[in-house]
*Asks:* 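This structure is in structure tokens; I'll ask about it shortly.
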Amino acid sequence: NIYSYIPKRNGVTFSGNVITFTNVPFIMAEEILLSSGAVAETVTKNDTPTDKTGSLVKNEYSINVESHEDTKNYVTFMMDRVMAKVNLNFKVHEKYSKIRTIKIKEVTLKPAAGNYQSVNITCTMNDGSEISYSRSPGSAVDNIVGFSITDDGLVLNDTSEKSAGVFYSVPGVQNSVVMTVTYDVYDKAGTKVRENQTVTNSSIKLIETGTLERAKEYTLNVNIVPTYLYSLSD
């Protein structure tokens, strides 16, 4: 049996088929993947099996290990996810999009105050069956996920949803993040009217009710609805 994880990170310990991740940030720019319960099979060299999967069926792939003997060795891995995936989209309210274009230049996310900053995750990996998870609060860590948009920026010139990128979250714990956005504002003639504006939302829910689930994909749509302190006329 072979048990492993990617990508390489600090604070990981193995004990038999139990792997423990220490101080995993609540939100990350990359996800943690596990491979578990490898099963080796031996077949003759002139045989070309394409369906040698052993007892594993979930998210599997195989590696052929060449041999100098008259056999080939096949190792089958089951891949499993530790995190939940979140797609981050932005759109502009219809009334505002008629008169202004917003170009988003940078987005940063961090855990909301008073909740989990990081999590200790213990995974018990079993051959061909569901991996079991347990979680406990980790130490406080200052982890921020940032999206630096290209030079052209993320242009919101209509009411359609535009993607800023993806991030990953430890499921089953907290649900809210602090989001800071830096942006420029243009009129519909293409003239820049405001530059390097910054707005911070203190608590944005990643999911409306409950908490995220492991190995599932979500979409967070941020709807920009400006408020006004002045009369606007073009």
*Asks:* Roughly how far apart are I19 CD1 and S4 OG, rounded to 0.5 Å?
*Replies:*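 One gets 8.0 Å once the value is rounded to the nearest 0.5 Å.
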*Asks:* Name every donor-acceptor pair, under 3.5 Å, that has one atom in a side chain of residues 161-173 and the other anywhere in the protein, sequence neighbours excluded.
*Replies:*
unit_1 : atom_1 : unit_2 : atom_2 : d
E161   : OE2    : N221   : ND2    : 3.3
K162   : NZ     : V155   : O      : 3.1
S163   : OG     : G165   : N      : 3.3
S169   : OG     : F26    : O      : 3.3

*Asks:* E30: which residues meet the salt bridge (charged side-chain N to carboxylate O under 4.0 Å, His left out) condition with it, sequence neighbours left out?
*Replies:*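 If we apply the salt bridge (charged side-chain N to carboxylate O under 4.0 Å, His left out) test to E30, skipping adjacent residues, there are no hits.
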*Asks:* My understanding is that only residues two or more places apart in sequence, or in another chain, count here; which of them pass salt bridge (charged side-chain N to carboxylate O under 4.0 Å, His left out) with E106?
*Replies:*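 For E106 there are no salt bridge (charged side-chain N to carboxylate O under 4.0 Å, His left out) partners, ignoring immediate neighbours.
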*Asks:* Which residues pass the side-chain hydrogen bond (donor to acceptor under 3.5 Å, both in side chains) test with T200, not counting sequence neighbours?
*Replies:*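 Only T180 meet the side-chain hydrogen bond (donor to acceptor under 3.5 Å, both in side chains) criterion with T200.
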*Asks:* State, yes or no, whether a side-chain contact exists between F90 and V181 at a heavy-atom distance under 4.5 Å.
*Replies:*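 They are in contact (side-chain heavy atoms under 4.5 Å apart), so the answer is yes.
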*Asks:* Is the side chain of K91 donor-acceptor paired with the backbone N or O of D158 at a distance under 3.5 Å, no angle test?
*Replies:*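 Not a single qualifying donor-acceptor pair exists.
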*Asks:* For a quick test of reading the model, state the closest non-hydrogen atom pair linking G16 to Y3 and the distance between them.
*Replies:*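 G16 and Y3 have their closest heavy atoms at O-CD1, 4.1 Å.
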*Asks:* Tell me, please, which residues at least two apart from V185 pass side chain to side chain contact (heavy atoms under 4.5 Å, CB included).
*Replies:*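 V185: side chain to side chain contact (heavy atoms under 4.5 Å, CB included) contacts with Y96, R100, Y183, V193, R194.
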*Asks:* If the condition is side chain to side chain contact (heavy atoms under 4.5 Å, CB included), which residues does T122 pass it with, not counting sequence neighbours?
*Replies:*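 Checked T122 against side chain to side chain contact (heavy atoms under 4.5 Å, CB included); matches are V18, T20, S134.
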*Asks:* Can any side-chain N or O of K110 pair as donor or acceptor with the backbone N or O of I27 at less than 3.5 Å?
*Replies:*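 Judged by distance alone, no pair lies under 3.5 Å.
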*Asks:* Using a 3.5 Å distance criterion without hydrogens, assess whether the side chain of N17 forms a donor-acceptor pair with backbone atoms of M125.
*Replies:*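 Side chain of N17 to backbone of M125, a donor-acceptor pair under 3.5 Å: yes, one is there.
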*Asks:* If you look at every heavy atom in M83 and I32, which pair is closest and at what distance?
*Replies:*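 M83 and I32 have their closest heavy atoms at CG-N, 3.5 Å.
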*Asks:* Quick one: salt bridge (Lys or Arg N to Asp or Glu O under 4.0 Å) pairs with a partner in residues 10-21, sequence neighbours left out?
*Replies:*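 Applying salt bridge (Lys or Arg N to Asp or Glu O under 4.0 Å) to every pair that reaches into residues 10-21, excluding sequence neighbours, yields nothing.
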*Asks:* Within the distance-only criterion (no hydrogens, no angle test), does the side chain of N87 pair as donor or acceptor with the backbone N or O of Y218 below 3.5 angstrom?
*Replies:*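 Yes: the side chain of N87 pairs with the backbone of Y218.
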*Asks:* Please identify each residue that fulfils salt bridge (charged side-chain N to carboxylate O under 4.0 Å, His left out) with E195, with sequence neighbours left out.
*Replies:*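 By the salt bridge (charged side-chain N to carboxylate O under 4.0 Å, His left out) rule, E195 matches K192.
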*Asks:* Atom CG of L206 and atom CG of L88: how far apart are they, to the nearest 0.5 Å?
*Replies:*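 Between atom CG of L206 and atom CG of L88 there are 9.5 Å.
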*Asks:* Not counting sequence neighbours, which residues clear ring-ring contact (aromatic ring centres under 6.0 Å, His included) with F21? List them please.
*Replies:*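 Testing F21 for ring-ring contact (aromatic ring centres under 6.0 Å, His included), a comparison that skips the adjacent residues, returns Y5.
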*Asks:* K98: what forms a side-chain hydrogen bond (donor to acceptor under 3.5 Å, both in side chains) with it, not counting sequence neighbours?
*Replies:*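 None.
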*Asks:* Enter the distance from N223:CG to E94:CD here, rounded to the nearest 0.5 Å.
*Replies:*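 Interatomic distance, N223 CG to E94 CD, rounded to 0.5 Å: 11.0 Å.
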*Asks:* So do the side chains of T101 and K188 get within less than 4.5 Å of each other, counting heavy atoms only?
*Replies:*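 With C-beta onward as the side chain, the pair touches.
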*Asks:* Starting from V178, can I reach I144 by hopping between I/L/V/M/F/W/Y residues whose side chains sit under 4.5 Å apart?
*Replies:*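 As far as the 4.5 Å side-chain criterion goes, V178 and I144 are not connected within one cluster.
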*Asks:* Quick check: closest heavy atoms across S118 and N23, and the distance to 0.1 Å?
*Replies:*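 Looking at all heavy atoms of both residues, the closest pair is OG-OD1, 3.5 Å.
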*Asks:* To the nearest 0.5 Å, what is the distance between CG on L34 and CD1 on I121?
*Replies:*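 Output value for this atom pair is 9.0 Å.
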*Asks:* Please name all residues satisfying side-chain hydrogen bond (donor to acceptor under 3.5 Å, both in side chains) with S202, sequence neighbours left out, ordered by chain then number.
*Replies:*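 S202 satisfies side-chain hydrogen bond (donor to acceptor under 3.5 Å, both in side chains) with no other residue.
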*Asks:* What residues, two or more places apart in sequence or in another chain, satisfy salt bridge (charged side-chain N to carboxylate O under 4.0 Å, His left out) together with K105?
*Replies:*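 For K105 the salt bridge (charged side-chain N to carboxylate O under 4.0 Å, His left out) partners, ignoring immediate neighbours, are D184.
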*Asks:* When you measure from the side chain of R214 to the backbone of R81, do you find a donor-acceptor pair of N or O atoms at a distance under 3.5 Å?
*Replies:*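 The answer is yes, because a donor-acceptor pair under 3.5 Å joins these two groups.
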*Asks:* Is any side-chain heavy atom of V24 less than 4.5 Å from a side-chain heavy atom of R9?
*Replies:*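 The answer is yes, as the side chains (C-beta and beyond) meet within the 4.5 Å cut-off.
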*Asks:* Atom OG of S136 and atom CG of N120: how far apart are they, to the nearest 0.5 Å?
*Replies:*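 Between atom OG of S136 and atom CG of N120 there are 4.0 Å.
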*Asks:* Honestly curious: do L109 and I204 fall in one hydrophobic cluster under the side-chain, below-4.5 Å linking rule?
*Replies:*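 In one cluster: yes.
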*Asks:* Hey, could you give me the CG/CD distance between L212 and E217, rounded to the nearest 0.5 Å?
*Replies:*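 One finds 12.0 Å between CG of L212 and CD of E217.
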*Asks:* For a 4.5 angstrom cut-off between non-hydrogen side-chain atoms, does Y186 reach N157?
*Replies:*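 Y186 vs N157: side chains apart.
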